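The block underneath contains the structure these notes are about, expressed in structure tokens.
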Amino acid sequence: MREINVSEVTSTVAKLCMDSCYYLPEAVKAKIRAAAETEESPLGKEILNTLIENFELAQKKAVPLCQDTGLTVVFLEIGQEVHFVGGDLYEAIHAGVSKGYVDGYLRKSSVGDPVFDRKNSGDNTPAIIHTKIVPGDKVKMVVCPKGCGSENMGALKMLKPADGVEGIKKFVVDTVRAAGPNPCPPITVGVGIGGNMEQAAILAKYALTRQLGKHNADPRYAALEEELLELVNNTGVGPSGLGGRTTALGVNVEFTHTHIGGLPCAVNLNCHQARRAEAEI
């Protein structure tokens, strides 16, 4: 059994919050640069070059890539041989988010009551936390700040088995087309298939944590990712929704088992700033 003091979790989460809001992953930057070279629309090319200038300045000055630094989503993989000491794990994560957003001068966007008071928490807490118990004595943390412009454009559909892969493709493309400029394309598309209603949605969000360019290990789903990317880019939505070939930088699909009578499918969209940072302790 390995003991981990939750204070280490707090400091790690704080750093990941700032890093994810200041620095784009290298794979994302490479995709945007490549798209700027191949984009056929002059306006689309100009927009992509502006995005490049933005992430280069943000990295140089260590300032947020975007004013919407989102709600903080944290995916945890906890080794079953780990024992946390020194306090409550979830409270330690919330404390890390608070420290990261306050010390990093990141916009605080979390309101407590969603309907009536809508009072800002003042430090972007609480985080949205998803945990998974895995073998080993390590803890992997992935922090994904998620802005609402893209989050609002997600969708869930309880497809029927008879809808099959064609139904999935239609749903994904229809969701992207309906979203138009709102999620700040070029987007990353996360697709969750299977499970039940809530699991499909979590899978779609989790799909966005996978590095761009890394395909699903199952070759059938990897091929589906490639086909979906082509279909999405053929919509003509383009950078910032102003037309062009670069509507999405990538499509990531995650799947799991489901009921014999169901085919749940969820789509979660990331803006062009596919922000994420991860660490292992």
Side-chain angles (χ1 to χ4, degrees), residues 19-61 63-70 144-147 149-154 169 172-191 204-205 207-216 221-254 267-278:
D19 285 353
S20 61
C21 288
Y22 296 165
Y23 314 117
L24 273 186
E26 290 301 319
V28 179
K29 293 191 287 186
K31 288 282 187 181
I32 295 175
R33 286 193 173 103
E37 292 295 321
T38 59
E39 176 55 60
E40 299 168 1
S41 162
L43 180 55
K45 185 182 289 288
E46 181 181 347
I47 291 167
L48 292 168
N49 283 323
T50 300
L51 299 183
I52 294 169
E53 182 182 4
N54 180 74
F55 69 63
E56 288 177 344
L57 282 171
Q59 179 166 336
K60 180 179 179 181
K61 296 178 178 292
V63 295
L65 288 149
C66 175
Q67 51 84 24
D68 186 355
T69 49
C144 310
K146 192 66 163 61
S150 58
E151 188 69 8
N152 281 347
M153 296 297 105
K169 289 188 285 189
V172 172
V173 173
D174 286 350
T175 299
V176 172
R177 186 177 283 113
N182 294 308
C184 298
I187 55 178
T188 305
V189 183
V191 182
K205 179 63 63 63
L208 295 175
T209 70
R210 194 198 315 154
Q211 180 179 309
L212 276 177
K214 287 192 174 181
H215 288 295
N216 194 293
Y221 287 87
L224 178 60
E225 290 173 340
E226 291 280 14
E227 185 177 0
L228 284 170
L229 179 60
E230 182 177 1
L231 291 170
V232 164
N233 282 331
N234 284 341
T235 62
V237 173
S240 292
L242 297 175
R245 294 284 298 170
T246 316
T247 299
L249 300 174
V251 177
N252 292 348
V253 176
E254 295 290 333
V267 176
N268 198 276
L269 306 179
N270 251 350
C271 67
H272 61 269
Q273 296 173 358
R275 298 173 295 192
R276 61 184 293 277
E278 67 178 73

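Given the structure is predicted, the values throughout are model-derived calculations rather than measurements.
Between the side chain of T247 and the main chain of G238, a donor-acceptor pair closer than 3.5 Å is present. N252 places a side-chain N or O within donor-acceptor distance of the main-chain N or O of R210, the cut-off being under 3.5 Å. One N or O on the side chain of N216 and one on the backbone of V253 form a donor-acceptor pair closer than 3.5 Å. N234 contributes a side-chain N or O that, together with a main-chain N or O of E230, makes up a donor-acceptor pair within less than 3.5 Å. Without hydrogens or angle criteria, Q273 side chain to L65 main chain gives a donor-acceptor distance under 3.5 Å. Listed for the R276 side chain is a donor-acceptor partner under 3.5 Å among the backbone atoms of T209. Side chain of N233 to backbone of A248: a donor-acceptor contact under 3.5 angstrom is found. Of the possible polar contacts, one joining the E39 side chain to the T246 backbone as a donor-acceptor pair under 3.5 Å is found.
Taking all atoms of both residues into account, the shortest heavy-atom contact from V237 to P185 is CG1-CG, 4.2 Å. Closest of all the heavy-atom pairs between A222 and H215 is CB-CB, 3.8 Å. Closest of all the heavy-atom pairs between G243 and S41 is O-OG, 3.7 Å. Contact detail for C66 and R275: the closest heavy-atom pair is CB-NH1, 4.2 Å. Of all heavy-atom pairs between A27 and L212, the closest is CB-O, 3.7 Å. The shortest non-hydrogen separation linking S240 to P181 is O-CB, 3.5 Å.
Interatomic distance, OG1 of T235 versus CZ of R245, reported as 9.0 Å (0.5 Å rounding). Considering CG of N49 and CD1 of I32, their distance stands at 11.0 Å, rounded to 0.5 Å. Rounded to the nearest 0.5 Å, atoms SG (C271) and CG (N182) are 12.5 Å apart. Rounding to the nearest 0.5 angstrom, the gap separating the CD1 atom in I187 from the CG atom in L269 is 4.5 Å. The line from SG of C184 to CE of M153 is 10.5 Å long, rounded to the nearest 0.5 Å.
Side-chain atoms of F55 and V28, non-hydrogen and from C-beta on, never get closer than 4.5 Å to each other. Between E226 and V251 the shortest side-chain heavy-atom distance does not fall below 4.5 Å. In this structure the side chain of C144 never reaches within 4.5 angstrom of the side chain of N270, judged on heavy atoms. Between V172 and L231 the shortest side-chain heavy-atom distance does not fall below 4.5 Å. Within the 4.5 Å cutoff, side-chain heavy atoms of K146 are placed close to those of L208. At a threshold of 4.5 Å between non-hydrogen side-chain atoms, the residues K169 and L228 count as touching. Residues T188 and S150 are not in side-chain contact: their nearest non-hydrogen atoms beyond the backbone lie 4.5 Å or more apart.
Listed by first and then second residue, the side-chain hydrogen bond (donor to acceptor under 3.5 Å, both in side chains) pairs involving residues 21-38 are E26-K29, K29-Q59, R33-E56 (not counting sequence neighbours).
When the shell of 6.0 Å around CD of E278 is examined, it contains more than 12 heavy atoms from other residues, nucleotides or ligands.
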Legend entry - Pair K205-E254, side-chain contact (heavy atoms from CB on, under 4.5 Å): steps then yes or no: CA-CA 9 Å; K205 179 63 63 63; E254 295 290 333; over 6 Å; no

Inset, instruction - Run the numbers on L242 and I47 for side-chain contact (heavy atoms from CB on, under 4.5 Å), then give the verdict. - result: CA-CA 9 Å; L242 297 175; I47 291 167; 3.8 Å; yes

